[in-house]
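To keep things clear, I will list the structure first and then write my remarks on it.
The figures that follow rest on heavy atoms only: side chains count, while hydrogens, waters and symmetry mates do not. Along the sequence shown, the residues carry numbers beginning at 1.
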Amino acid sequence: MELNFEKTILSCLDTAVQEIQNSEQTQEIKLPDGMPDIGHILSAWGQVILRSKEWRNDSIAFSGGIMVWVLYAPEDGGPERCIDAWIPFQMKWDLPAGTPEGDIRIQCLPRFVDARSVSARKIMVRAGVAVMATALASRSVEIYAPEEIPQGVELLRSVYPVRLPMEVGEKSFLQDEDLTLPDSAPQPEQLIYYQLNPRITDKKVLSNKVVFRGNTNLHVLYRSEEGQLHSWDYEVPFSQYADLNGEHGSDALADILLSPTSLELEMDDESHLRLKCGIVAQYLITDKQMLELIEDAYSPGREVDIQTETLEIPAVLENRRENIYGEQSISGEANVAADVNFLPDFPRQHRTENGVEMELPGTFQVLYYGEDGGLHSGAAHWEGRQSLNADMNCQITAVPIPVQAQASAGNGSILAKTELPLEITTAAHQGISMVTGVEVGEARQLDPGRPSLILRRAGDKRLWDIAKDSGSTMDAIRKANNLQEEPSPNQMLLIPVS
């Protein structure tokens with residue numbers, strides 16, 4: 001007799017590709033007429049902009065660029081001048097053969113911007129970006145369960161609570177804000193450069209909606225009316241929501257990546273600032289699912305043949321944020337720091353016996369006034385470390401969230417500091433054995449001399465294994481020994497047998 005199994009389909013998402021690419025581009029910038037000749041380059045900065053992403057037949061692609069600013073000291077000894085440019089970037093990641101069309105999540109980081117003068121009127125700029133691309137495609141998980149259970153057949157049912165990726169999407173929004181410096185701050189006369197770092201402070205899934213809020217952190221370097229360079233940080237709050245395709249339970253969580261898609265900062269004749277920017281919030285919704293599976297089957301009085309398969313599920317094990325403190329001393333006889341910037345890179349991961357060791361690279365950039373009264377720049381590489389406990393089959397994704405750094409000058413050096421948030425996700429393809437078919441044979445001939453009651457020590461076996469090995473049932477053993485849970489290893493059990 002063959003048991004009929006009903007097959008149900010659970011739809012979720014699986015990661016087809018998750019990979020980081022680094023790219024460098026160079027571009028020559030010519031000074032426009034009216035700008036003085038270059039004496040020497042002081043510093044350079046960049047802001048990555050996400051323009052588009054595309055799912056092709058055999059690959060995914062990203063296009064965008066980096067806004068760059070180069071500050072130089074003129075040859076004639078006049079005030080520092082700044083020139084800006086746009087450097088485009090394009091990247092591609094190959095997909096495994098047969099991957100169905102899905103969705104893409106992109107996270108971009110500026111790694112460096114270097115500049116050097118090639119003549120009195122030309123600057124060569126080299127910029128590097130790091131882009132993490134994740135391609136998510138639909139996945140169908142097949143779960144089998146018997147339609148009817150004949151008398152005398154025992155089934156081992158197990159329930160697994162697993163968190164699965166269920167939905168991915170994005171919400172684009174614009175911010176248009178007038179910004180005002182306090183009266184105590186030096187008033188701006190000219191903008192030098194600006195950077196945007198949006199950050200989530202709160203997020204929640206409410207059935208068929210994801211709601212989130214946070215701050216768009218804008219860092220501005222400007223020349224004041226007195227001719228000195230000063231930096232200022234603004235926090236522009238936002239609150240947004242997006243409609244989801246399906247409804248999710250109270251355990252659903254949202255993982256959201258924020259990327260600037262446009263950026264413009266204007267200053268009018270009265271030194272008032274106006275920010276116009278676009279941001280895309282790329283969300284991934286995970287939800288807890290209770291998987292009820294048949295793991296084993298037997299009959300005390302009949303021969304039973306079972307068919308099994310390994311159920312592979314793309315489970316998300318943990319999401320958390322950790323703040324990594326970093327500081328670095330940069331040589332320089334500085335009186336005051338005018339500006340400080342920190343460029344984090346994606347962590348490098350190394351497997352250890354106990355988990356994963358992460359190296360967290362980054363670069364501090366400082367702009368300062370020296371004891372000679374002149375403007376100088378400095379940079380220093382920093383590398384932090386973080387250890388994580390993880391099984392060998394776990395995949396860890398760590399995304400740094402850029403934040404503004406601080407700097408203090410004194411004793412022949414500048415001390416730069418930052419507290420870098422790190423979004424950490426641990427995932428694994430869990431394999432669970434599942435019964436997909438059962439065939440029950442003829443009744444076995446029992447030994448007439450076999451006792452109807454056995455006394456044995458539990459040992460390290462589960463109650464299910466004890467019952468199966470003894471030709472009994474779990475219910476019969478529980479009743480005979482007044483058990484409410486698994487027996488202890490040293491417990492003696494009375495085992496009724498058929």
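- Side-chain N or O atoms of Thr201 include one that pairs as donor or acceptor with a backbone N or O of Arg213 at under 3.5 Å.
- Judged by distance alone, the side chains of Ser413 and Ser331 never bring a donor and an acceptor atom under 3.5 Å apart.
- Side-chain contact of Ser387 with Glu357: a donor-acceptor pair under 3.5 Å is present, judged by distance alone.
- A salt bridge links Glu359 to Arg348: at least one charged side-chain nitrogen sits closer than 4.0 Å to a carboxylate oxygen.
- Within a 6.0 Å sphere centred on CD of Glu148, heavy atoms belonging to other residues, nucleotides or ligands number 12 at most.
- Counting non-hydrogen atoms of other residues, nucleotides and ligands closer than 6.0 Å to NZ of Lys203 gives a total above 12.
- Here the side chains of Ile313 and Leu291 are in contact, with some heavy-atom distance below 4.5 Å.
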| message | Before you tell me yes or no, could you show the steps for Gln349 and Ile396 under side chain to side chain contact (heavy atoms under 4.5 Å, CB included), namely the whole-Å CA-CA distance, both residues' side-chain angles and the distance that decides it to 0.1 Å? | response | CA-CA 9 Å; Gln349 299 187 21; Ile396 294 177; 4.0 Å; yes

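- Look at Glu54 and Lys92 and you find no salt bridge, because none of the NZ, NE, NH1 or NH2 atoms lies under 4.0 Å from a carboxylate O.
- Side-chain contact between Lys7 and Thr436 is absent, with no heavy-atom pair separated by less than 4.5 Å.
- By the 4.5 Å heavy-atom criterion applied to side chains, Leu263 and Gln47 are counted as neighbours.
- A donor atom on one side chain and an acceptor atom on the other are found under 3.5 Å apart for Gln307 and Asp305.
- The list of side chain to side chain donor-acceptor pair (under 3.5 Å) pairs with a residue in residues 19-30, not counting sequence neighbours, reads Glu24-Arg126.
- Side chain of Ser231 to backbone of Val220: no donor-acceptor contact under 3.5 angstrom is found.
- Contact check for Val70 versus Val113: no side-chain heavy atoms found under the 4.5 Å cut-off.
- Nearest approach of Pro100 to Ser138, heavy atoms of both residues: CG-O, 4.1 Å.
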| request: Before giving the answer on side chain to side chain contact (heavy atoms under 4.5 Å, CB included), spell out for Leu420 and Phe342 the whole-Å C-alpha distance, their side-chain angles and the decisive distance to 0.1 Å. | output: CA-CA 9 Å; Leu420 181 68; Phe342 180 70; 4.3 Å; yes

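- Taken to the nearest 0.5 Å, the CD1 atom of Ile324 stands 7.0 Å off from the CH2 atom of Trp382.
- Of the listed residues (Ile192, Ile41, Ile83), just one forms a side chain to side chain contact (heavy atoms under 4.5 Å, CB included) with Leu71, and that residue is Ile192.
- Side-chain N/O atoms of His429 and Asp14 include a donor and acceptor closer than 3.5 Å.
- More than 12 heavy-atom neighbours from other residues, nucleotides or ligands sit within 6.0 angstrom of CG on Asp178.
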| task | Give the C-alpha distance, both sets of side-chain angles, the deciding distance and a yes or no for side-chain hydrogen bond (donor to acceptor under 3.5 Å, both in side chains) between Ser433 and Glu295. | result | CA-CA 6 Å; Ser433 180; Glu295 287 194 73; 5.8 Å; no

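- Residues His219 and Asn341 have side chains that never bring a donor and an acceptor to within less than 3.5 angstrom of each other.
- At least one side-chain heavy atom of Tyr234 sits under 4.5 Å from a side-chain heavy atom of Leu273.
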| query | Are Tyr241 and Phe212 close enough, and set up right, to give a ring-ring contact (aromatic ring centres under 6.0 Å, His included), and what steps lead you there? | reply | CA-CA 6 Å; Tyr241 77 91; Phe212 56 95; 9.1 Å; no

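- Salt bridge absent: Arg274 and Glu266 never bring a charged side-chain N and a carboxylate O closer than 4.0 Å.
- Side chains of Tyr193 and Asp84: no donor on one and acceptor on the other come within 3.5 Å.
- Within a 6.0 Å sphere centred on CD of Glu318, heavy atoms belonging to other residues, nucleotides or ligands number more than 12.
- One finds no salt bridge joining Arg223 and Glu189 here, because no Lys/Arg side-chain nitrogen approaches an Asp/Glu carboxylate oxygen to under 4.0 Å.
- Gln395 places a side-chain N or O within donor-acceptor distance of the main-chain N or O of Asn393, the cut-off being under 3.5 Å.
- The OG atom of Ser259 lies 7.5 Å from the NZ atom of Lys53; values are rounded to the nearest 0.5 Å.
- Legend: residues meeting ring pair (Phe, Tyr, Trp, His ring centres under 6.0 Å) with Tyr160, ordered by chain and number and at least two apart, are absent.
- One distance of note links CD1 of Ile414 with CD1 of Ile330; it measures 6.0 Å at 0.5 Å rounding.
- Tested against Arg199, the residues Leu258, Asn217, Asn215, Thr216 include a single side chain to side chain contact (heavy atoms under 4.5 Å, CB included) partner, Asn217.
- The closest donor-acceptor contact from the side chain of Ser377 to the backbone of Leu42 lies under 3.5 Å.
- The backbone N or O of Leu95 sits nowhere less than 3.5 Å from a side-chain atom of Arg56 that would complete a donor-acceptor pair.
- Listed here is the closest heavy atom pair of Ile256 and Ile200: CG2-CD1, 4.2 Å.
- Between the side chain of Glu419 and the main chain of Gly326, no donor-acceptor pair closer than 3.5 Å is present.
- Using a distance-only test at 3.5 Å, with no hydrogens or angles considered, no donor-acceptor pair links the side chain of Ser207 to the main chain of Glu247.
- In this structure, Gln365 contributes its side chain and Ala44 its backbone to a donor-acceptor pair below 3.5 Å.
- With a 6.0 Å radius and a threshold of 12 heavy atoms from other residues, nucleotides or ligands, Asn389 has its CG atom at or below the threshold.
- Within 6.0 Å of CE in Met392 there are 12 or fewer heavy atoms belonging to other residues, nucleotides or ligands.
- A ring-ring contact (aromatic ring centres under 6.0 Å, His included) with Trp69 holds for exactly one of Trp45, Tyr222, Trp86, Tyr194; it is Tyr194.
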| message | side chain to side chain contact (heavy atoms under 4.5 Å, CB included), that's the test. Do Asp103 and Leu13 meet it? Break it down for me. | response | CA-CA 10 Å; Asp103 293 277; Leu13 298 174; 5.8 Å; no

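- Between the side chains of Lys171 and Gln240, at least one donor N or O sits under 3.5 Å from an acceptor N or O.
- Checking His248 against Glu167 by side-chain atom types alone, a donor-acceptor pair falls below 3.5 Å.
- Judged purely by distance below 3.5 Å, without hydrogens or angles, the side chains of Ser59 and Asp94 never pair a donor atom with an acceptor atom.
- Glu312 and Gln430 are not linked by any side-chain donor-acceptor pair at a separation below 3.5 angstrom, with hydrogens and angles left out of the test.
- The closest side-chain heavy-atom distance from Leu50 to Val280 is below 4.5 Å.
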| task | For Thr310 and Met434, run side chain to side chain contact (heavy atoms under 4.5 Å, CB included): C-alpha distance rounded to whole Å, both residues' side-chain angles, the deciding distance at 0.1 Å, then the answer. | result | CA-CA 6 Å; Thr310 299; Met434 172 181 59; over 6 Å; no

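- Under the 3.5 Å distance criterion, the side-chain polar atoms of Gln406 are matched with a main-chain donor or acceptor of Gln404.
- Closest non-hydrogen pair, Pro74 versus Pro79, comes out as CG-O, 3.1 Å.
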| task | Give the C-alpha distance, both sets of side-chain angles, the deciding distance and a yes or no for side-chain hydrogen bond (donor to acceptor under 3.5 Å, both in side chains) between Glu292 and Ser158. | result | CA-CA 6 Å; Glu292 183 174 342; Ser158 299; over 6 Å; no

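- The backbone N or O of Leu10 lies less than 3.5 Å from no partner atom in the side chain of Arg139, so there is not a single donor-acceptor pair.
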